[in-house]
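Here is the structure we will look at, set down as structure tokens.
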Protein chains: 2
Amino acid sequence: MIHYTHPSRILVALDCIIFGFDGEEIKLLLIKRNFEPEKGKWSLMGGFLNETEDLEVASQRILYELTGLTNNYLEQLQTFGSVSRDPVERTISVVYYALVNIEQQDVTTIKAHNAYWISLKNKPELIFDHDAMVEQALRQLRYKAALHAIGFELLPEKFTIPQLQKLYEAIYNTKLDRRNFSRKIISTDLLVSTGEKDTNSATKKGQLYKLNAEKYQRYLTDYVSFFPELTLL
Amino acid sequence: MIHYTHPSRILVALDCIIFGFDGEEIKLLLIKRNFEPEKGKWSLMGGFLNETEDLEVASQRILYELTGLTNNYLEQLQTFGSVSRDPVERTISVVYYALVNIEQQDVTTIKAHNAYWISLKNKPELIFDHDAMVEQALRQLRYKAALHAIGFELLPEKFTIPQLQKLYEAIYNTKLDRRNFSRKIISTDLLVSTGEKDTNSATKKGQLYKLNAEKYQRYLTDYVSFFPELTLL
DNA sequence: TCAAAAGTGTTTAAGATACACCCATGA
DNA sequence: TCATGGGTGTATCTTAAACACTTTTGA
């Protein structure tokens, strides 16, 4: 194989910010490291890129190793490349963020990695530049969820409109008007009524909806605003 | 220095999509390669990341080498990492896009690199995955310029509102209503009248404005919509 | 029967859109 | 003086925002 003459081959890591939603709060899947470096501290799930592995494939592998999940929402965020970001060796890190249904993961692999779901509000300090990664991922989540229908990735297959509203309130750390929210969601035609009712609710049982898969695919790339105050000037 | 045991150190390239605006069309600064590999074909400006160089610094260096420009709008787009994207050797490429004022660059260095401003409509086929990079950069430019006040980076310091409108029409390949556009821009309070008139115009000379620097800084991070049809459902 | 959450309708205000007229300039 | 492009005003329609009442459920 021919090679470039440029000498500087660099270690390429991947780190993954994994978001979940428990019905009340946005949570992060974080690892309490029982390995070096920085053993005992908190970090994101990560790994190295192999020579013969696509970047996309590597990110899916890393998510799978920790959660047992495939086919999740997984999007590249940004690459972090300060010279001094990893004290062990010059390493650049390609960062992905994932949205997962918190009820679907494989508890065994999570335990094996010493990982825990931590709510954003209680996030401990993380190693290296992982705090900056999380901050940027949250910004991207807010940005994207305001314009695209990605929030559903954090919910179970069937959900009520009030549940969806709680999700958006958690993402934006705000309160929304129930009536306006409901009307707006209905008007997108993104939801299909299942006819079933939410059995968990303690009081009046809400109607369970699922996604209109076709419309949903369109809204992943097209603009929609699920966040009322974002009428953009 | 301690090293990780992981063996796969990989060549890290940077590629840069450079957008300009000539008053009528969005243009790309492309290189007709007089060097290997793919000599004779068109490509983006690129280079390799050095072992002791921050990623951000490297992207600025590459932009400077080609255009002689510093302090431009330069933002990381995404990292491309297919195994087979570069036939010479496994290389991942961190892609940046830059917005430059087409009148300010250093013609000498551009000539030295055998680079030319090509309008988007006449873009030739590029090497490797550079076409996909350009496509994504354009999508990002459209996305971002609809919400943030970044378009100004493509204009000279002083400009008329009709010039600004032409820019947005070029970015979105559409026609906008002159009266509504003007009102919307004025209402943002982003422009400051200079009192001067555009001397280039053949007919009625338009008022020259410049940016309200303070407001501008805010709008780089905050949302603004300069694109009327983007009321997002 | 009462508290808590779900569901729906109305009114108002703001913003987007469409459209018409006048002004300045140089050929 | 006329064609071209710049500047401003107004009416209408759509959408967001604020707000009140009724229904369902289990304790």
Side-chain angles (χ1 to χ4, degrees), chain A residues 23-24 146-147 155-156 158-170 172 174-210 219 222-233, chain B residues 23-24 146-147 155-156 158-170 172 174-210 219 222-233:
Chain A
E24 292 294 330
L147 300 167
L155 291 175
K158 297 173 183 178
F159 53 86
T160 66
I161 291 184
Q163 278 174 334
L164 184 62
Q165 181 177 344
K166 280 213 167 178
L167 170 64
Y168 278 92
E169 290 178 340
Y172 297 101
T174 187
K175 289 283 167 199
L176 299 174
D177 184 275
R178 200 161 37 89
R179 300 155 280 202
N180 295 333
F181 184 82
S182 169
R183 179 185 14 243
K184 184 156 206 172
I185 297 296
I186 299 282
S187 76
T188 62
D189 212 22
L190 255 168
L191 302 188
V192 180
S193 175
T194 63
E196 301 167 60
K197 299 247 170 182
D198 180 21
T199 52
N200 297 320
S201 174
T203 61
K204 180 167 179 177
K205 278 120 170 58
Q207 257 204 78
L208 284 169
Y209 291 87
K210 59 180 180 180
Y219 280 144
D222 292 0
Y223 293 113
V224 206
S225 172
F226 289 102
F227 192 57
E229 271 98 73
L230 191 95
T231 315
L232 308 183
L233 185 93
Chain B
E24 293 295 330
L147 300 166
L155 291 175
K158 297 173 183 177
F159 53 86
T160 66
I161 291 183
Q163 277 174 335
L164 184 61
Q165 182 177 343
K166 281 212 165 177
L167 170 64
Y168 278 91
E169 290 178 341
Y172 297 102
T174 187
K175 288 283 167 199
L176 299 174
D177 185 275
R178 198 162 39 89
R179 300 156 280 205
N180 296 333
F181 183 83
S182 169
R183 182 187 8 248
K184 185 158 206 171
I185 297 296
I186 299 281
S187 77
T188 62
D189 212 21
L190 256 168
L191 302 188
V192 180
S193 175
T194 63
E196 299 167 60
K197 300 247 168 179
D198 180 19
T199 51
N200 297 320
S201 174
T203 62
K204 179 167 179 178
K205 280 120 170 56
Q207 258 203 79
L208 283 169
Y209 290 87
K210 59 179 180 180
Y219 280 143
D222 292 359
Y223 293 113
V224 207
S225 171
F226 289 104
F227 192 56
E229 270 99 74
L230 191 95
T231 315
L232 310 182
L233 186 92

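On a predicted model such as this, the values are computed, not experimentally measured, just so you know. Each chain gets a letter, A, B and so on, in the order the sequences are listed, and its residues count up from 1.
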What integer distance in Å separates L191(A):CG from dG7(C):P?
12 Å

Interatomic distance, K184(A) NZ vs dT8(C) P [rounded to whole Å]
19 Å

Roughly, in whole Å, what's the span from CD in Q207(B) to P in dT25(C)?
12 Å

Rounded to whole Å, the CD1-P distance (I186(B) to dT8(D)) equals 7 Å

Apply salt bridge (Lys or Arg N to Asp or Glu O under 4.0 Å) to R178(B) and list each qualifying residue two or more places apart in sequence or on a separate chain.
none

When the distance from CG of D177(A) to P of dA20(D) is rounded to whole Å, what number comes out?
11 Å

Rounding to a whole Å, what distance do you find between F181(A):CZ and dA6(C):P?
12 Å

How far does CD1 of I161(B) sit from NZ of K184(B), to the nearest 0.5 angstrom?
14.0 Å

Would you please name every residue forming a side-chain hydrogen bond (donor to acceptor under 3.5 Å, both in side chains) with D189(B), sequence neighbours left out?
none

Would you please name every residue forming a salt bridge (Lys or Arg N to Asp or Glu O under 4.0 Å) with K210(B), sequence neighbours left out?
none

Specify the angle, to 10°, made by the local axes at the two ends of the helix from dT1(C)-dA27(D) to dA27(C)-dT1(D) when five pairs are taken at each end.
0°

Determine whether L155(A) and Y209(A) make a side-chain contact, defined as any pair of heavy atoms from C-beta on separated by less than 4.5 Å.
no

List the residues meeting salt bridge (Lys or Arg N to Asp or Glu O under 4.0 Å) with R179(A), not counting sequence neighbours, and say none if there are none.
D177(A)

When rounded to the nearest 0.5 Å, the distance separating CG of L176(B) from OG of S182(B) is 12.0 Å

Protein-nucleotides 21-24 of chain D N/O pairs under 3.5 Å:
from    : atom 1 : to      : atom 2 : distance (Å)
dT23(D) : O2     : K204(A) : NZ     : 3.2

Take N180(B) and T160(B), find for each the nucleotide of DNA chain D with the closest heavy atom, and name the residue whose nucleotide sits nearer the 5' end.
T160(B)

Length of the NZ-P vector between K175(A) and dA5(C), whole Å
10 Å

Name all pairs fulfilling the side-chain hydrogen bond (donor to acceptor under 3.5 Å, both in side chains) condition that reach into residues 194-207 of chain B, sequence neighbours left out, sorted by first residue then second.
K158(B)-E196(B), S193(B)-Q207(B)

For Q163(B), all residues meeting side-chain hydrogen bond (donor to acceptor under 3.5 Å, both in side chains), sequence neighbours excluded
none

Just the rounded figure in Å: distance from C1' of dA5(C) to CG of D198(A).
11 Å

So if I take every side-chain heavy atom of R183(A) and compare against dT17(C), dA18(D), dG7(D), which nucleotide ends up nearest?
dA18(D)

